[in-house]
**Q** 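One structure is given below, represented as structure tokens, and several questions about it will come after.
This chain uses plain numbering: 1 for the first residue, then up along the sequence. Every value quoted in this text rests on a predicted model; they were computed, and no experiment measured them.
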Amino acid sequence: MAARGHVQDPNDRRLRPIYDYLDNGNNKMAIQQADKLLKKHKDLHCAKVLKAIGLQRTGKQDEAFSLAQEVATLEPTDDNSLQALTILYREMHRPELVAKLYEAAVKKVPLSEEYHSHLFMAYARVGEYKKMQQAGMALYKIVPKNPYYFWSVMSLVMQAISAQDEKLSQTMFLPLAERMVEKMVKEEKIEAEAEVQLYFMILERLGKCVEALDVIRGPLGEKLTSELQSRENKCMMLYQRLQRWPESNALAHKLLLKNPDDWQFYPSYFDSLFHLIDQSWSPPEEGEHCPEGAVHHTVAEVVRFVEDRIKGEDDKDSRALRGPYLARLELIHRLRERGCPEEAQLGEPLELMVQFFGKFGDKPCCITDLKIYLHLLSADQHVQFVNRLSEAVPLGEQGDEGFAFPDDTKALQRHLCVCQLSRALGLHHALDVEGKLRLIAELKAHYRHGLKFGANALKTELQFSDMYCLMAAHVYIDLWTDTGDEDMVWQSLGVLQEGLSHSPSNAQFKLLLLLLYCRLGAFEPVVDLYSSLDAKHVQHDTIGFLLTRYAESLGQFAAASQSCNFSLRFFHSNQKDTSEYIIQAYKYGAFEKIPEFIALRNRLNQSLHFAQVRTERMLLDLFLEADIVLSLEEMVIRGGQLTEDHRRRSLEEESVWLRLRSLTLRLLASLAALGHSASQQNSEVTNENGVGDKSSILGSLLSQLNQTLQTANQMAEKRVQYPFLGPPSTRLAPALSSGSCQCQAAALQLSVHIQELETVGLGENRQQEHETDLCSDLCFKLTTLCVFVPSQTKILNKCKGDVLELKEGKLKTQPSFLETLIFFVETVCIVFWMASHCAKILRPLKTSLQKKKKKKKKDVNTAMPAVVCGFQELTGSLQDLLTQALEHIKGQETGLTALKLASLSLDGCPEDEASFMKAAMDKVQSSYLRSLQEVGDLLKKRAETIKNLKI
């Protein structure tokens, strides 16, 4: 009998081949195997679901869904069917159906712990917190385990966090959660650290800091062991919230005695001191100062404490700790802020920083440690400070180039630190052109000398001297910015490419290269650079905007589409992934992480980059894929679902630009809806059927577009210049200066007039007078669009031959002309869409007018209404414009191809440097050609569809 218990279920054996096919990605064979099995075993529900999974993965979603629903309506309770349906619904992005599935299973098998826990997790995926609470309690009643009880408590906390009404959270959800935990505390059933953490979270959110402090300092606090000093950190936080400065000071003092290098407690120690001074606090005459021990309530005591810690480090035989030395500088900074004379007791900042450099200058962290205290030096001390540091750097004898080099990596790190501090103090920026060029020569010499220390380094490791290379590139960029000499940017690219060849994993090289190529208008090399960065998770938002900002505007439409898809995939998967993180947090009791996961998800959902990518992706689809005459409706319907001042202005500009793009997209969607309604109603008056409402929406959107354009113009007048390493400039200013925004708005404005004409008609009836006025107005609008054509031709002529040219042996770029060309292409596409919309409406009106003339036996070939002639003139002008644009692009391509960069002489550059510079130039040239080819292909596609605009 025992042996029989291990016999495999026959159904499992039958289903195994299907599972194997699905796991190996052979979905067609999985479907065939499922069909064979269903012929023999019609009631094998799991086989049906596995077939549905195969259908889903081969793109037959509707068929898969109907097959799954057949099984779901039978309310299966076998594990195989339920798990298979769960997998299918997840792939369909329908997690709410999983909850319904397990609701039915729980009703049929009410005592199943497994099904109840699956139901709870299904609710967690869709954020049904109230149902989670109920499911958790139901599970606890069946199987009285602590985790299940606290699942229910945490679900109450989540109801409080997600509630719109804060009062409801504070008066109902959180107090109920508190009472539930208190019940377990009184019954002494608290077992795990996670349960204490949850209790603390509830008390903290209720603002009951005293009660929370009692919990942490009591026997329950002893369970907080997973994190180092967890109890102490929580106590410190609560003391500060309760403004118990004596306790905060004493606890920080006690912890710093144990570990003088624990930096997090120094700020608390100093903060509490100054609060105590402000309150004129004095210790009691008898007994302890406070429950935590002795309190240091005077500056003299704190100065003595810090000096004692430093003395302890100086007397040690082993390597000293940085914390006490940095604490002394931090205390000087705070005393100086408050104007305290005791600052002098600690010493002169310059001498203290030189001393710090002497002890820790060979560590990479020395630069970041000292950088935040450089403001303690006066301006006339800067050069003296750097000279004093240079004296402490052991360098060898001067070589042929006149530079002395370090003999080991520690000396190299010290010299590097001095160079970085010089730059941070502004000494590099103060040099003249000759001085900067000498500095670059020195940095490059040190970089190449330092490569010998990393000769055996792995490709994934950075070279010791990489920072020299990076600084040299930045000084080149300073020269480019100051003098406008484009030769400097080519040399910067060359030195960065050289650095990347020796250190392929250096992310700083890649990011700076990425910025430079984008500024030069060359997007092609950027794609590989970004890909090699191997961005993870939230980095697709934080640095991904560098990619999506430039892709479309530089004419790389295929790469832009790919970049947008990549970013959107991250944002969409964030929803699903967060649900899985939350489930894991419940399983392992990491309750405090659940609100953090949800806050991150919400923040990403509200990301400006997400909104921009979503809008640009839909517009890009329309530019690239829509057959203007036939598919506009389907495309739109399918897609419808530094300094602080620099940051603020950049955000404002990006928001206005996003609003302009979003309104343009929504107007196109409205046009598609109107065109769809018009085709259904055959140009009859359709106000009763909703077209009137759609026209009013169109008018409202146009009004918003005009208002946003006014705001954009006011913003563009300010002409904000962002620093090179600041936020990338938005497309707003060039879009307005090119005139494309105004032309697009004028084209879209035409839709209101053409819609009115559709309602009135072209007949000879009582509305003739109104029709005449309307036609005159419409003709004026069409004429305006015809006038726009030669203005765009002028822009094309301005761009001619200027994208990349060789002058006096120097290569010059004009990437702004490429961006203007893209604005021209976008505007042409929108005018084409408007022309397509006009053609759809005018065609039946013209046919109707001809029929009426026939009936009245008038000459059908008499003059057509002015509006029809105006439209024909517009289509003719568009055809001429496209011909000119294609000729211009062909000329640009010919000019670019004719440039022989290999023969370019780079005087004064060593051969190896010249090869890296020429490689960068080749990449820019290749990228420009690629952009022009893609723009040309798109315009050719538009030229082919112009014949369909005939009416």
Side-chain angles (χ1 to χ4, degrees), residues 95-96 99 117 119-140 146-185 190 192-213 215-216 220 224 226-227 230 233-234 237-238 241 537-538 541 571 574-607 610:
E96 70 282 0
S117 63
L119 178 61
F120 180 89
M121 297 308 174
Y123 287 143
R125 282 193 180 90
V126 292
E128 289 276 7
Y129 302 123
K130 187 172 182 179
K131 290 183 177 178
M132 286 165 68
Q133 179 201 344
Q134 293 164 351
M137 284 310 296
L139 188 52
Y140 180 70
N146 270 24
Y148 299 151
Y149 185 87
F150 283 93
W151 285 3
S152 183
V153 176
M154 185 61 208
S155 301
L156 265 173
V157 175
M158 291 311 301
Q159 286 180 70
I161 292 170
S162 60
Q164 299 293 322
D165 186 355
E166 181 65 24
K167 190 177 177 183
L168 194 65
S169 298
Q170 294 294 320
T171 57
M172 189 173 85
F173 295 126
L174 289 172
L176 179 54
E178 183 190 11
R179 286 197 298 274
M180 287 179 72
V181 180
E182 282 175 351
K183 177 177 177 290
M184 298 293 277
V185 173
I190 299 288
E193 179 182 0
E195 295 157 16
V196 181
Q197 292 274 21
L198 181 54
Y199 190 21
F200 177 78
M201 190 197 306
I202 293 164
L203 292 171
E204 189 184 8
R205 287 184 177 275
L206 281 167
K208 294 186 175 182
C209 293
V210 176
E211 291 84 345
L213 193 58
V215 169
I216 298 302
L220 288 177
L224 300 174
S226 64
E227 291 179 27
S230 178
N233 286 327
K234 284 181 166 55
M237 179 188 71
L238 291 169
R241 284 193 185 178
H537 201 258
V538 78
D541 187 32
F571 285 112
N574 170 55
Q575 289 286 346
K576 187 178 73 173
D577 292 346
T578 304
S579 298
E580 296 306 316
Y581 303 151
I582 290 168
I583 286 168
Q584 294 305 313
Y586 270 107
K587 282 182 180 177
Y588 295 104
F591 297 123
E592 73 278 5
K593 296 297 177 191
I594 295 171
E596 294 177 24
F597 290 144
I598 289 169
L600 177 63
R601 179 176 66 189
N602 293 341
R603 195 170 173 191
L604 285 170
N605 286 343
Q606 293 163 8
S607 163
F610 182 26

**Q** Hey, are the side chains of Lys234 and Glu204 touching, using non-hydrogen atoms and a 4.5 Å cut-off?
**A**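 In short, these two side chains do not touch, never coming nearer than 4.5 Å.
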**Q** Can you tell me which residue among Lys130, Met137, Met132 is in a side-chain contact (heavy atoms from CB on, under 4.5 Å) with Gln134?
**A**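 So, applying the side-chain contact (heavy atoms from CB on, under 4.5 Å) to Gln134 and each of Lys130, Met137, Met132, only Lys130 qualifies.
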**Q** Could you check if a side-chain atom of Met180 sits within less than 4.5 angstrom of a side-chain atom of Tyr149, using non-hydrogen atoms only?
**A**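 They are in contact (side-chain heavy atoms under 4.5 Å apart), so the answer is yes.
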**Q** Under the ring-ring contact (aromatic ring centres under 6.0 Å, His included) test, which residues partner Phe120, sequence neighbours left out?
**A**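 Result, ring-ring contact (aromatic ring centres under 6.0 Å, His included) vs Phe120: Trp151, Tyr586.
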**Q** Applying side-chain contact (heavy atoms from CB on, under 4.5 Å) to Phe571 and Ser607, what does each step give before you reach the verdict?
**A** CA-CA 9 Å; Phe571 285 112; Ser607 163; 4.0 Å; yes
**Q** Taking salt bridge (charged side-chain N to carboxylate O under 4.0 Å, His left out) as the cut-off, I'd like each qualifying pair that reaches into residues 169-185, sequence neighbours left out, listed once.
**A**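 Found Glu178-Lys208, Lys183-Glu187.
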**Q** Look up atom OG in Ser579 and atom CE in Met121, then write down how far apart they are to the nearest 0.5 Å.
**A**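 Output value for this atom pair is 12.0 Å.
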**Q** Listed by chain and number, what are the side chain to side chain contact (heavy atoms under 4.5 Å, CB included) partners of Ala160, not counting sequence neighbours?
**A**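 With sequence neighbours excluded, Ala160 shows a side chain to side chain contact (heavy atoms under 4.5 Å, CB included) to Ser169, Phe173, Leu174, given in chain and number order.
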**Q** Considering only residues two or more places apart or on different chains, which pairs with a residue in residues 148-171 satisfy salt bridge (charged side-chain N to carboxylate O under 4.0 Å, His left out)?
**A**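 Not a single pair qualifies under salt bridge (charged side-chain N to carboxylate O under 4.0 Å, His left out).
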**Q** Looking at every heavy atom in both Ile583 and Ala124, which two are closest together, and how far apart are they?
**A**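 Closest pair (atom of Ile583, atom of Ala124, distance): CG1-CB, 4.1 Å.
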**Q** Would you name the heavy atoms of Leu224 and Ser230 that are closest together and state the gap between them?
**A**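 In this case the closest contact between Leu224 and Ser230 is CB-OG, 4.1 Å.
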**Q** Mind listing the closest non-hydrogen atom pair of Phe150 and Ile190 along with its distance?
**A**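 Taking Phe150 first and Ile190 second, the nearest heavy atoms are CZ-CD1, 3.6 Å.
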**Q** Could you tell me whether Lys593 sits above the aromatic face of Tyr581, with NZ or CZ closer than 6.0 angstrom to the six-membered ring centre and within 45 degrees of the axis?
**A**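 No; the conditions do not both hold, so Lys593 does not lie above the ring face of Tyr581.
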**Q** Got a second to check how far Leu176's CG is from Leu156's CG, nearest 0.5 Å?
**A**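 The CG atom of Leu156 is 4.5 Å from CG of Leu176, to the nearest 0.5 Å.
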**Q** In chain order, what residues pass the salt bridge (Lys or Arg N to Asp or Glu O under 4.0 Å) check against Glu96, with sequence neighbours excluded?
**A**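 With sequence neighbours excluded, Glu96 shows a salt bridge (Lys or Arg N to Asp or Glu O under 4.0 Å) to Arg94, given in chain and number order.
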**Q** Are any of the side-chain heavy atoms of Lys576 and Arg125 separated by less than 4.5 Å?
**A**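 No. Closest side-chain heavy atoms not under 4.5 Å.
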**Q** Side chains of Ser226 and Glu193: any donor to acceptor distance under 3.5 Å?
**A**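 Yes - a donor-acceptor pair under 3.5 Å links their side chains.
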**Q** Does some side-chain heavy atom of Ser162 sit less than 4.5 Å from a side-chain heavy atom of Tyr129?
**A**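 The answer is yes; the side chains approach within 4.5 Å.
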**Q** Considering all heavy atoms of both residues, which atom of Ala194 and which atom of Gly589 are nearest to each other, and what is their separation?
**A**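 Nearest heavy atoms, Ala194 then Gly589: CB-O, 2.9 Å.
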**Q** Do the non-hydrogen side-chain atoms of Ile202 and Val153 ever get within less than 4.5 Å of each other?
**A**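 Yes, at least one pair of side-chain atoms sits under 4.5 Å.
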**Q** In residues 599-606, what donor-acceptor pairs under 3.5 Å come from side-chain atoms, sequence neighbours left out?
**A**
from   : atom 1 : to     : atom 2 : distance (Å)
Asn602 : ND2    : Ile598 : O      : 3.4
Asn605 : OD1    : Gln575 : NE2    : 3.0
Asn605 : ND2    : Arg601 : O      : 3.4

**Q** Looking at CD1 of Ile582 and CZ of Phe597, how far apart are the two atoms once the value is rounded to the nearest 0.5 Å?
**A**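 Going from the CD1 atom of Ile582 to the CZ atom of Phe597 covers 8.0 Å.
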**Q** Show your working on side-chain contact (heavy atoms from CB on, under 4.5 Å) between Phe200 and Ile216 and close with a plain yes or no.
**A** CA-CA 8 Å; Phe200 177 78; Ile216 298 302; 3.6 Å; yes
**Q** When rounded to the nearest 0.5 angstrom, what is the spacing between CZ in Phe591 and OH in Tyr199?
**A**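 These two atoms lie 15.5 Å from each other.
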**Q** Does some side-chain heavy atom of Ile161 sit less than 4.5 Å from a side-chain heavy atom of Arg205?
**A**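 Arg205 reaches Ile161 side chain to side chain.
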**Q** Working to the nearest 0.5 angstrom, can you tell me the gap between Leu220 CG and Glu195 CD?
**A**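 It comes to 10.0 Å.
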**Q** Is any side-chain heavy atom of Gln159 closer than 4.5 Å to a side-chain heavy atom of Gln133?
**A**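 A side-chain contact under 4.5 Å exists here.
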**Q** How many angstroms lie between CG in Leu119 and CG in Leu139, if you round to the nearest 0.5 Å?
**A**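 Leu119 atom CG to Leu139 atom CG measures 9.5 Å (nearest 0.5 Å).
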